[in-house]
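Since the structure is predicted, the reported quantities are computational estimates derived from the model, not experimental observations. Every chain is numbered from 1 and lettered A, B, ... according to where its sequence line falls, protein lines coming before strand lines.
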Amino acid sequence: MPGKPKFYLTTPIYYTNGLPHIGHTYTTVVADTIRRYKRMRGYEVVMTTGTDEHGVNVERAAKKAGIPESEFVAKMAAEWRALWEELGLGADEFVRTTDLPHVRTVQWLFRLCRENGYVYKGNYTGQYCIYDNAFVNDAKPGDNCPDCGRPTETITEENYFFKLSAFQRPLLDFYKKNPDFIQPESRRNEIVSFVEGGLKDLSITRTTIRWGIPVPGEEPHVFYVWFDALTAYLSAVGGPEFEKRGMWPADLHLVGKDIIRFHTVYWPAFLMAAMLPVPKQVWAHGWFLMDATKMSKSKGNVVLPRPIANMLGMDALRYFLLREVVFGQDGNFSYDALVTRYNSDLANGLGNLASRTAALIEKNFGGKIPKATECKPQDEALAKEVQAAIGEVLENYENLSFARALEAIWGVVASADKYLTTEQPWALGNSEKDQARKATVLWNAAELLRIVTVLAHPVLPASTAKVWTLLGLPGSVASVELDGLQWGQPAPGKQLGPAQPLFPRVDKNEAIERIEAMANEELNPAPPAKPAVSATPAGAAAAPQTAPEKIGIDDFAKVEMRVGQIKTAERIVGADKLLKLTVDIGTEIRQICAGIAQYYDPEKLIGRKVAVVVNLAPRKLRGVESNGMIIAAAVGPEGRPVLAGFPDEDVEVGARLK
RNA sequence: GCCGGCGUAGCUCAGUGGCAGAGCGAGGGUCUCAUAAUCCCUAGGCCGUGGGUUCGAUUCCCCCCGCCGGCACCA
């Protein structure tokens with residue numbers, strides 16, 4: 001017996017540095033929609049999600065909470081899993097990176113890479129961003145992380161390296177042979193040019209971190225978080241015994257655009273090194289922006305899924321996320337747009353159509369779907385339109401063009417409204433001819449509604465199930481096979497189920513207020529009685545800035561800062577951010593580079609007195625020697641530099657700051 | 001600085017070498033089966049600016065302006 005075709009897809013293994021927000025929800029909604037769609041197309045589908053639980057962040061958060069790491073992450077994982085279940089997004093496999101089978105898979109993958117000669121031991125010194133769990137290439141001590149803007153830390157350690165450099169050619173060949181591997185295409189081009197620019201070997205173990213998967217026989221080495229987390233996709237479906245289950249290689253990794261490189265460069269390289277099959281496709285979607293800026297905790301514009309689901313229903317959120325933007329691009333999120341879509345598309349559109357159709361059948365035929373006995377040109381036109389829409393919708397689902405698929409479905413909904421308005425079944429009398437016409441029109445309306453229900457089911461699982469029941473149809477809508485879907489299948493005579501409100505219309509302002517109030521409550525829970533337990537995951541997430549380590553006066557005395565006066569300033573060709581300055585520090589005139597070109601005009605700086613670190617080792621930036629450092633505050637999320645200065649009182653050039 | 005994308009009706013966006021489109025919002029009208037829903041009509045928009053190719057460009061090419069993304073870079 002030939003088995004069903006298989007389809008394996010994943011969301012990222014989310015890092016547990018807070019609770020899921022709309023961004024995580026978006027990825028998972030997409031994954032869930034694809035899963036439902038593929039099942040309706042006859043596939044055996046496995047969808048994996050999970051929690052990434054290792055690393056310095058977790059170590060610190062647990063310490064802060066005063067509980068062991070294992071306890072901390074268990075709590076986190078439980079919360080994530082529970083929320084996904086609550087939202088109807090529970091995956092088939094939920095991997096925790098602390099699960100034993102996963103630990104074994106990571107160790108096994110490492111062994112394979114090593115046996116094949118792609119692992120060696122070396123020393124690494126670099127700047128590390130503990131929040132992003134990544135070394136920042138070429139960053140200097142004191143630099144901020146280019147991604148998140150937080151300070152980096154200098155880390156030197158002996159560790160194992162992965163010969164990523166050996167995979168430049170194989171990866172480029174692979175991208176060429178599999179042009180659809182990276183989607184959308186714009187991302188693919190970016191990655192190709194990144195890889196063409198050369199790949200450096202990658203450090204994949206750490207000795208400075210305790211909370212991680214141990215490298216067998218090489219303690220205290222633990223695995224680098226990405227080597228660990230990416231492997232979860234494989235451990236979810238069998239790990240070393242992946243062949244038994246037959247789900248690997250994955251058909252689709254869904255990721256946010258911020259982590260595409262890990263999935264399209266590192267991950268396939270690891271697998272190639274281990275001689276394992278490489279996933280078939282990685283899809284990078286965009287972000288939902290709030291007022292066109294990236295959502296972030298520090299800006300206080302985090303959108304949570306639960307309040308929306310409570311107010312409008314999870315289907316409404318799913319619909320909005322998939323309908324509002326072209327998949328792959330960034331989009332704007334606003335409660336206003338959400339509620340507007342809800343009222344116009346769901347309440348006035350689909351909800352109202354279901355309601356009026358059911359009411360007409362109820363009143364005219366006692367709730368029994370009548371039999372169509374005629375086929376006028378307008379009836380045939382309607383059927384043809386629906387038939388065409390079926391093809392269009394399926395094609396768009398297949399390409400993950402959710403917005404277009406939904407657009408096509410809603411085009412059919414509009415046609416149904418128009419059809420009913422034109423045919424006016426309520427105005428027909430009781431003559432035999434009128435009865436036949438009435439029956440035909442209502443049968444057509446019901447049939448259209450059935451097809452719409454099937455087509456919309458992957459996106460609106462809960463509400464389409466309600467319509468299915470309303471139409472008195474057998475089985476569940478989820479079990480309908482999309483490949484056989486066509487106009488004219490159901491037998492008449494079905495008794496309608498009880499009418500249910502699908503999408504009750506809401507007052508926009510009131511709805512927004514209620515959602516915001518619920519979100520507020522979730523983000524800022526009333527302080528618990530005992531502060532000792534306040535360091536819950538949510539609390540840890542809300543405090544991304546860890547207190548810096550304390551230093552003694554002696555340490556501070558090592559830094560020699562003096563008042564300097566800028567003598568000349570010019571831009572450096574080929575560098576957006578750098579200015580070349582000459583600065584009088586009393587004893588001499590120094591050349592210093594400063595990354596402030598985007599915010600300060602060179603001409604206006606001349607004569608200005610600034611604070612300068614004068615005993616910093618010289619280094620070259622963009623080929624220009626820099627002999628010291630100008631002190632500036634980093635303001636706002638983008639770290640805009642604001643020069644430290646002495647505006648109120650005049651100071652002597654060369655005076656020491658202490 | 002290098003590479004790429006974008007700039008079309010109030011908003012979100014489609015689109016094609018030859019009379020400029022959709023959805024939403026707004027205004028007017030209509031029906032009453034329906035969730036004050038539906039349906040019909042209404043936006044006269046220099047299709048970013050300036051050139052070029054062409055019988056003809058919003059659509060092809062070049063410059064410029066603005067916005068965005070990737071890389072580099074940010075002591």
[atom1]-[atom2] distance between [X] and [Y], expressed to the nearest 0.5 angstrom:
X	Y	atom1	atom2	result
A:Glu196	A:Tyr175	CD	OH	10.5 Å
A:Leu312	A:Phe320	CG	CZ	11.0 Å
A:Ile308	A:Tyr342	CD1	OH	13.0 Å

Distance, rounded to the nearest Å, where [X] contributes [atom1] and [N] contributes [atom2]:
X	N	atom1	atom2	answer
A:Leu448	B:C33	CG	P	21 Å
A:Lys418	B:A37	NZ	C1'	17 Å
A:Phe320	B:G23	CZ	C1'	14 Å
A:Glu392	B:A14	CD	P	16 Å
A:Trp410	B:U38	CH2	C1'	16 Å
A:Glu407	B:C24	CD	P	11 Å
A:Asn343	B:U35	CG	P	15 Å
A:Leu406	B:C13	CG	C1'	16 Å

query: Which of residues 358-366 of chain A sit near RNA chain B, with a heavy atom under 4.0 Å from it?
result: A:Ala359, A:Leu360, A:Lys363
[N] pairs with, by Watson-Crick or G-U criteria that keep both distances under 3.5 Å:
N	result
B:A57	none
B:C24	B:G10
B:C71	B:G1

message: Show the nearest heavy-atom pair for residues A:Asp258 and A:Trp287, with the distance to one decimal.
response: CB-CZ2, 3.4 Å
field: Closest non-hydrogen atom pair between A:Ala439 and A:Lys371, with its separation
entry: CB-O, 3.4 Å
Please classify the nucleic acid contact of [X] as base, sugar-phosphate, or nothing, using heavy-atom distances under 4.0 Å.
X	result
A:Thr340	sugar-phosphate
A:Arg323	nothing
A:Asn189	nothing
A:Gly197	nothing
A:Leu502	base

- request: For the pair A:Trp410 and A:Tyr319, evaluate ring-ring contact (aromatic ring centres under 6.0 Å, His included) and give the outcome as yes or no after the intermediate values.
  value: CA-CA 12 Å; A:Trp410 257 255; A:Tyr319 178 81; 4.9 Å; yes
message: Using side-chain heavy atoms (C-beta onward) and a distance below 4.5 Å, is A:Val29 in contact with A:Leu317?
response: no
Nearest-Å distance once atom [atom1] is located in both [N] and [M]:
N	M	atom1	answer
B:C47	B:G21	P	14 Å
B:U38	B:U30	C1'	10 Å
B:G18	B:G56	C1'	6 Å

task: Can you figure out which of B:C71, B:A34, B:G69 approaches the side chain of A:Ser355 most closely?
output: B:A34
statement: From the candidates B:C39, B:A14, B:G70, the one with an atom nearest any side-chain atom of A:Arg187 is B:G70
message: Please determine whether the number of non-hydrogen atoms from other residues, nucleotides or ligands lying under 6.0 Å from atom CD of A:Glu185 exceeds 12.
response: no
task: Determine: side-chain N/O of A:Arg341 to OP1/OP2 of B:C24, distance under 4.0 Å, yes or no.
output: no
